[in-house]
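Counting starts at 1 for both ligands and their atoms, in listed order.
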Amino acid sequence: MGSPIRIFVLTGAGISAESGIPVFQGTSWRGRSHDELASIDAWHANPRLVWEYYSERRRRAHDARPNPAHVALAEFQRPSTYSGFFLCTQNVDDLHEAAGTRDVVHIHGKLFESRCAADCGRPAFTDRGTYKEGDLPRCYCGALIRPNVCWFGEQPYQLDRIHDELDRCSLFFAIGTSGSVQPVSGFVAFLKGRNDPPRAIYAGLGEPANAAYFDEVHLGPASVTVGKVLASIAHSRAR
Ligand code: NAD
Ligand code: ZN
């Protein structure tokens, strides 16, 4: 047996593309870029428009099912001890959980959760609701309710836990992420600056912006490449 690996998996919008959830790159919504809508400034300027946008994203994600890439990751985790497998996703959808992956860390929050916009102390709660014009949800405290997601201009979730896992991992596997949205795009460069840099593998449709930091780049749809990479990791681990 080889030495035990600690794998850090990072997934981006590309892993959910084949489940029918559009990526951000190169797409827009009613003529607006996603950056314009998924931002704290957009929320302050026009919460109705932001809720319409998130309502549509909820409707679309509600019908989505995990694809073979989500399933391959869930199957890979199953025989591993928990401590050897960590999955951080930039995605706000719940397709990793639907495939059976446990303890997923959503660095950008969850599409099917909402919270008080004034942070009155009420915990975030499950919410599959969609809100139309004139129908904005309000908290018990009177403030607006907002999606429990991290917008441009806000602090991502669970960074301490994520940094602990980055410090300890011996293999980094990034899937379907553009390599251009901070802080996530900087993870691989950070790892390569460690005294004992882990092997870094990328799988996705096109080269990410930070491709130079990866030891291996596997180009192709996630539904094909993820299973192949995981099989080769399992094979090298068993030797
Ligand atoms: P992005 O849209 O910027 O980039 C998508 C990446 O996926 C690209 O590199 C592209 O080459 C790749 N890709 C596209 N189709 C693919 C496929 N079938 N298989 C493999 N790879 C494929 O997304 P990003 O870099 O993840 O980050 C942008 C932000 O978008 C994130 O903050 C994330 O929260 C948000 N986002 C989330 C969802 C979701 O929850 N499903 C969807 C869209 C955007
Ligand atoms: Zn409140």
Side-chain angles (χ1 to χ4, degrees), residues 9-29 33-39 53-54 56-58 60-70 72-73 88-98 104-125 137-157 173-188 202-211 214 217-229:
V9 178
L10 171 69
T11 66
I15 197 167
S16 296
E18 290 165 90
S19 294
I21 301 181
V23 300
F24 272 14
Q25 245 182 16
T27 66
S28 61
W29 184 78
S33 78
H34 298 279
D35 303 12
E36 271 178 72
L37 293 151
S39 83
Y53 170 67
Y54 277 93
E56 197 168 307
R57 289 185 65 183
R58 279 185 178 176
R60 194 182 270 266
H62 183 76
D63 297 329
R65 296 289 169 266
N67 68 54
H70 298 103
L73 286 166
C88 168
T89 186
Q90 288 171 276
N91 296 343
V92 295
D93 66 53
D94 59 0
L95 295 177
H96 286 300
E97 288 88 347
V104 178
V105 167
H106 287 262
I107 186 170
H108 291 155
K110 296 181 178 180
L111 183 61
F112 293 118
E113 279 187 3
S114 295
R115 66 179 159 91
C116 174
D119 282 328
C120 69
R122 178 181 176 182
F125 56 94
R138 288 204 175 261
C139 182
Y140 312 133
C141 74
L144 288 175
I145 290 288
R146 57 164 279 179
N148 190 26
V149 299
C150 166
W151 286 323
F152 290 104
E154 294 188 309
Q155 176 82 348
Y157 297 76
F173 182 22
I175 302 160
T177 174
S178 57
S180 56
V181 178
Q182 285 287 0
V184 170
S185 57
F187 289 175
V188 66
Y202 180 81
L205 214 47
E207 279 217 340
N210 54 4
F214 287 91
V217 172
H218 299 261
L219 295 183
S223 61
V224 176
T225 50
V226 171
K228 280 189 185 161
V229 170

*So, for H34 and Y53, which heavy atoms are closest and what is the spacing to 0.1 Å?*
ND1-OH, 2.7 Å
*If you measure from each non-hydrogen atom of V181 to ligand 1, which part falls under 4.0 Å: side chain, backbone, both or neither?*
side chain
_Geometric N/O contact I21 with ligand 1, under 3.5 angstrom_ = no
*Closest protein heavy atom (residue, atom, distance) for atom 6 (C) of ligand 1*: G176 O, 3.5 Å
*To which of R57, Q90, H218, R60 does the heavy atom nearest atom 38 (C) of ligand 1 belong?*
R57
*Protein contact to atom 4 (O) of ligand 1 [nearest heavy atom, distance to 0.1 Å]*: S178 CB, 3.6 Å
*Is the shortest heavy-atom distance from the side chain of L205 to the side chain of P221 under 4.5 Å?*
yes
_Less than 2.8 Å away from the Zn ion (ligand 2), how many protein N/O/S atoms can be counted, ignoring water?_
4
*Selection from L205, N91, D35 by shortest heavy-atom distance to atom 37 (C) of ligand 1*: N91
_Counting non-hydrogen protein atoms only, what is the nearest one to atom 10 (C) of ligand 1? Give residue, atom name and distance._
Q25 OE1, 4.2 Å
_Taking the six-membered ring of W151 as reference, does the cationic atom of R146 (NZ for Lys, CZ for Arg) lie under 6.0 Å from its centre and within 45° of its axis?_
yes
*Please examine the side chains of I175 and V229, heavy atoms only from C-beta on, and report whether any two atoms are closer than 4.5 Å.*
no
_Heavy-atom side-chain contact between Y202 and V188 under 4.5 Å_ = no
*Is the backbone of E36 close enough, under 3.5 Å, to the side chain of S33 for a donor and an acceptor to pair up by distance?*
yes
*Of all the atoms in ligand 1, which lie at a distance below 4.0 Å from a heavy atom belonging to E18?*
17 (C), 18 (N), 19 (N)
*Heavy-atom contacts under 4.0 Å between P22 and ligand 1: side chain, backbone, both, or neither?*
backbone
*List the atom of R65, the atom of L95, and the distance in Å for their closest heavy-atom pair.*
C-CD2, 3.7 Å
*Please state which part of V23 comes within less than 4.0 Å of ligand 1, counting heavy atoms only: side chain, backbone, both or neither.*
both
*Considering only heavy atoms, which of A64, S223, A222, A61 lies nearest to atom 19 (N) of ligand 1?*
A222
*Give the numbers and elements of all ligand 1 atoms closer than 4.0 Å to a heavy atom of G206.*
11 (O)
*With a 4.5 Å heavy-atom cut-off, do V149 and H108 have their side chains touching?*
no
_Atoms in ligand 1 with a heavy atom of G12 nearer than 4.0 Å_ = 26 (O)
*Looking only at side chains, do N67 and E18 share a donor and an acceptor under 3.5 Å apart?*
no
*asked:* Do V181 and F152 have side chains that approach each other closer than 4.5 Å (heavy atoms only, starting at C-beta)?
replied: yes
*With a cut-off of 4.0 Å, which atoms of ligand 1 are near a heavy atom of S16?*
41 (N)
*For the residue pair I145 and R138, establish whether any side-chain heavy-atom pair is separated by less than 4.5 Å.*
no
*If hydrogens are left out, which of F24, W151, F152 has an atom nearest to atom 43 (C) of ligand 1, that is, the closest non-hydrogen atom?*
F24
*First locate atom CG of D94, then atom OG of S16, and finally report the distance between them rounded to the nearest 0.5 Å.*
9.5 Å
*asked:* Less than 4.5 Å apart, side chain to side chain, heavy atoms only: is that true for P137 and S114?
replied: no
*Quick one: look up the protein heavy atom nearest atom 41 (N) of ligand 1 and list residue, atom name and how far away it is.*
D93 OD2, 2.7 Å
*asked:* So if I count the atoms of ligand 1 from 1 in the order they appear, which ones are less than 4.0 Å from some heavy atom of P221?
replied: 19 (N)
*asked:* Using the rule side-chain hydrogen bond (donor to acceptor under 3.5 Å, both in side chains), only one of H70, H96, Q90 pairs with T11; which is it?
replied: H96
*Could you check V104, I15, T177, I21 and say which one makes a side-chain contact (heavy atoms from CB on, under 4.5 Å) with N91?*
I15
*Got an N/O contact under 3.5 Å between V92 and ligand 1?*
yes
*Should you measure from each heavy atom of H108, which atoms of ligand 1 turn up under 4.0 Å away?*
31 (C), 32 (O), 33 (C), 34 (O)
*Given N210 and F187, is the side-chain contact (heavy atoms from CB on, under 4.5 Å) satisfied, shown in steps?*
CA-CA 10 Å; N210 54 4; F187 289 175; over 6 Å; no
*Tell me which protein heavy atom sits closest to atom 12 (C) of ligand 1, plus the residue, atom name and distance to 0.1 Å.*
G14 CA, 3.9 Å
*Which heavy atom of the protein is the closest neighbour of atom 23 (O) of ligand 1, given with residue, atom name and distance?*
A13 CB, 3.4 Å
